[in-house]
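The structure under discussion appears below in the form of structure tokens.
When a ligand or atom number is given, it counts from 1 through the structure's own listing order. Throughout, residue positions are numbered sequentially from 1 according to the sequence presented.
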Amino acid sequence: LKINFTPIKLKGDGLIGMVAVLEDVTEQEKLDRQRKDFVANVSHELRTPLTTIKSYIEALEDGAVEEPELATRFLKVARQEADRMTRLIQDLLQLSRLDAQKSKFYKKPLVLTEILEETMDRFRFQCQQKQISLTLYVHGSLPRVYADPDKLMQVLDNLVSNAIKYTPEGGSVAVVAKRKPDGMVEVGVADTGIGIPKQDLGRIFERFYRVDKARSRSLGGTGLGLAIAQEIVHAHEGEIAIDSVYQKGTVVTFTLPPVSRR
Ligand code: ADP
């Protein structure tokens with residue numbers, strides 16, 4: 001709590017009173033801290049790949065360039081790290097547009113199953129390579145949803161790519177869509193992967209929060225995928241939630257409003 005006193009004086013007279021203004025700064029301080037943490041996180045996340053790139057360049061300068069096999073490997077790592085920086089910057093720009101509400105949403109009635117099938121097609125190859133089964137289940141007939149197709153695809157891409165990323169070879173990923181009793185349409189992305197410990201679940205939608213930073217980075221993650229998905233779902237007046245059993249699997253569900261509601 002911040003208290004500000006302002007003395008009140010009339011012309012020529014002495015002090016005749018005080019005005020005390022009480023201001024609740026806890027919310028302000030929380031926002032300030034979050035902003036500082038965020039800047040520190042961004043700096044750190046950008047510095048890490050740069051340090052790696054630099055050390056590989058130095059190794060090449062110190063002679064690795066003479067050994068073609070080694071040189072090829074080092075260059076590949078450097079390019080992967082540069083790619084990850086690019087993704088990170090794209091994610092940051094998108095979050096900042098969403099924060100500033102400068103992201104335009106082109107919502108329209110959509111047949112959800114078409115979007116879900118397109119998403120499945122985009123990941124089919126990746127799943128085959130990792131021997132992960134990818135299945136779509138649609139329960140009953142779904143009403144059309146009122147959503148921005150590109151943004152919705154991005155939510156699905158983020159969730160399905162996480163499911164594949166954090167599921168070992170031979171596992172399975174399922175996308176399930178159904179209508180809830182309250183009329184909202186629910187989409188769930190479930191996997192049989194590494195899971196998330198209970199104590200981390202509450203913070204998992206925070207920007208840059210990861211259970212295992214090294215693992216996420218080595219798999220090319222930016223730590224922003226779930227935060228972006230949450231912003232987009234909220235902009236559609238939907239909810240997003242995660243449930244997981246450590247070393248068993250994870251399910252992320254989100255809801256979208258049906259067209260009939262509007
Ligand atoms: P990242 O780029 O690190 O994957 P996300 O914001 O998409 O960032 O996810 C944040 C963290 O949540 C991940 O680093 C991982 O620890 C955890 N996570 C997300 N999805 C899953 C999943 N399907 N299975 C296990 N862990 C997950």
Side-chain angles (χ1 to χ4, degrees), residues 34 37-38 40-42 44-49 52 80-99 116 119-120 122-123 126-127 130-137 151-176 186-235 239-254:
Q34 279 176 355
D37 285 352
F38 184 67
N41 275 324
V42 171
H44 181 75
E45 293 296 331
L46 287 172
R47 205 171 50 206
T48 312
T52 311
Q80 282 170 341
E81 288 297 288
D83 287 345
R84 200 160 63 80
M85 281 181 85
T86 307
R87 272 202 304 281
L88 181 62
I89 288 165
Q90 278 166 350
D91 281 358
L92 283 169
L93 284 174
Q94 179 165 23
L95 265 179
S96 113
R97 278 195 301 268
L98 287 163
D99 281 347
L116 294 176
T119 307
M120 309 300 274
R122 272 201 302 281
F123 286 100
Q126 205 183 328
C127 282
K130 225 180 152 185
Q131 289 173 356
I132 287 177
S133 73
L134 177 67
T135 326
L136 171 65
Y137 300 94
K151 300 282 197 301
L152 174 56
M153 294 252 204
Q154 172 149 33
V155 173
L156 288 163
D157 278 2
N158 289 4
L159 301 186
V160 176
S161 69
N162 274 352
I164 297 169
K165 212 157 53 172
Y166 299 109
T167 297
E169 291 203 352
S172 44
V173 172
V175 177
V176 186
E186 184 183 88
V187 181
V189 179
D191 64 61
T192 59
I194 61 171
I196 299 169
K198 277 275 170 286
Q199 72 262 24
D200 294 300
L201 278 180
R203 299 191 58 191
I204 212 74
F205 287 103
E206 284 177 22
R207 296 168 188 198
F208 293 119
Y209 193 85
R210 293 129 144 173
V211 177
D212 181 340
K213 279 200 168 46
R215 188 198 301 256
S216 153
R217 285 207 192 97
S218 71
L219 293 168
T222 63
L224 297 173
L226 284 179
I228 290 174
Q230 184 181 49
E231 294 290 336
I232 294 175
V233 170
H234 285 171
E239 309 267 3
I240 187 164
I242 190 162
D243 200 8
S244 188
V245 178
Y246 187 49
Q247 288 176 347
K248 286 261 184 285
T250 303
V251 53
V252 182
T253 40
F254 66 94

Heavy-atom gap Gly223 to ligand 1 smaller than 4.0 Å: yes
Non-hydrogen atom of Tyr209 closer than 4.0 Å to ligand 1: yes
Any Arg215 heavy atom less than 4.0 Å from ligand 1: no
Atom 21 (C) of ligand 1: nearest protein contact (heavy atom, Å): Tyr166 CD1, 3.5 Å
Protein residue, atom and distance nearest to atom 16 (O) of ligand 1, heavy-atom basis: Val211 N, 3.1 Å
Ile196 touching ligand 1 at heavy-atom level, < 4.0 angstrom: yes
Contacting atoms of ligand 1, where contact means under 4.0 angstrom from a heavy atom of Thr222: 2 (O)
Test of proximity, Asp191 against ligand 1: N or O pairs below 3.5 Å: yes
Shortest protein heavy-atom distance from atom 14 (O) of ligand 1, along with the residue and atom involved: Arg210 CG, 3.0 Å
Residue part near ligand 1, for Leu224, under 4.0 Å between non-hydrogen atoms: backbone
Heteroatom distance test (Leu226, ligand 1): nitrogen or oxygen, under 3.5 angstrom: yes
Proximity to ligand 1 by part of Thr250, non-hydrogen separation under 4.0 Å: side chain
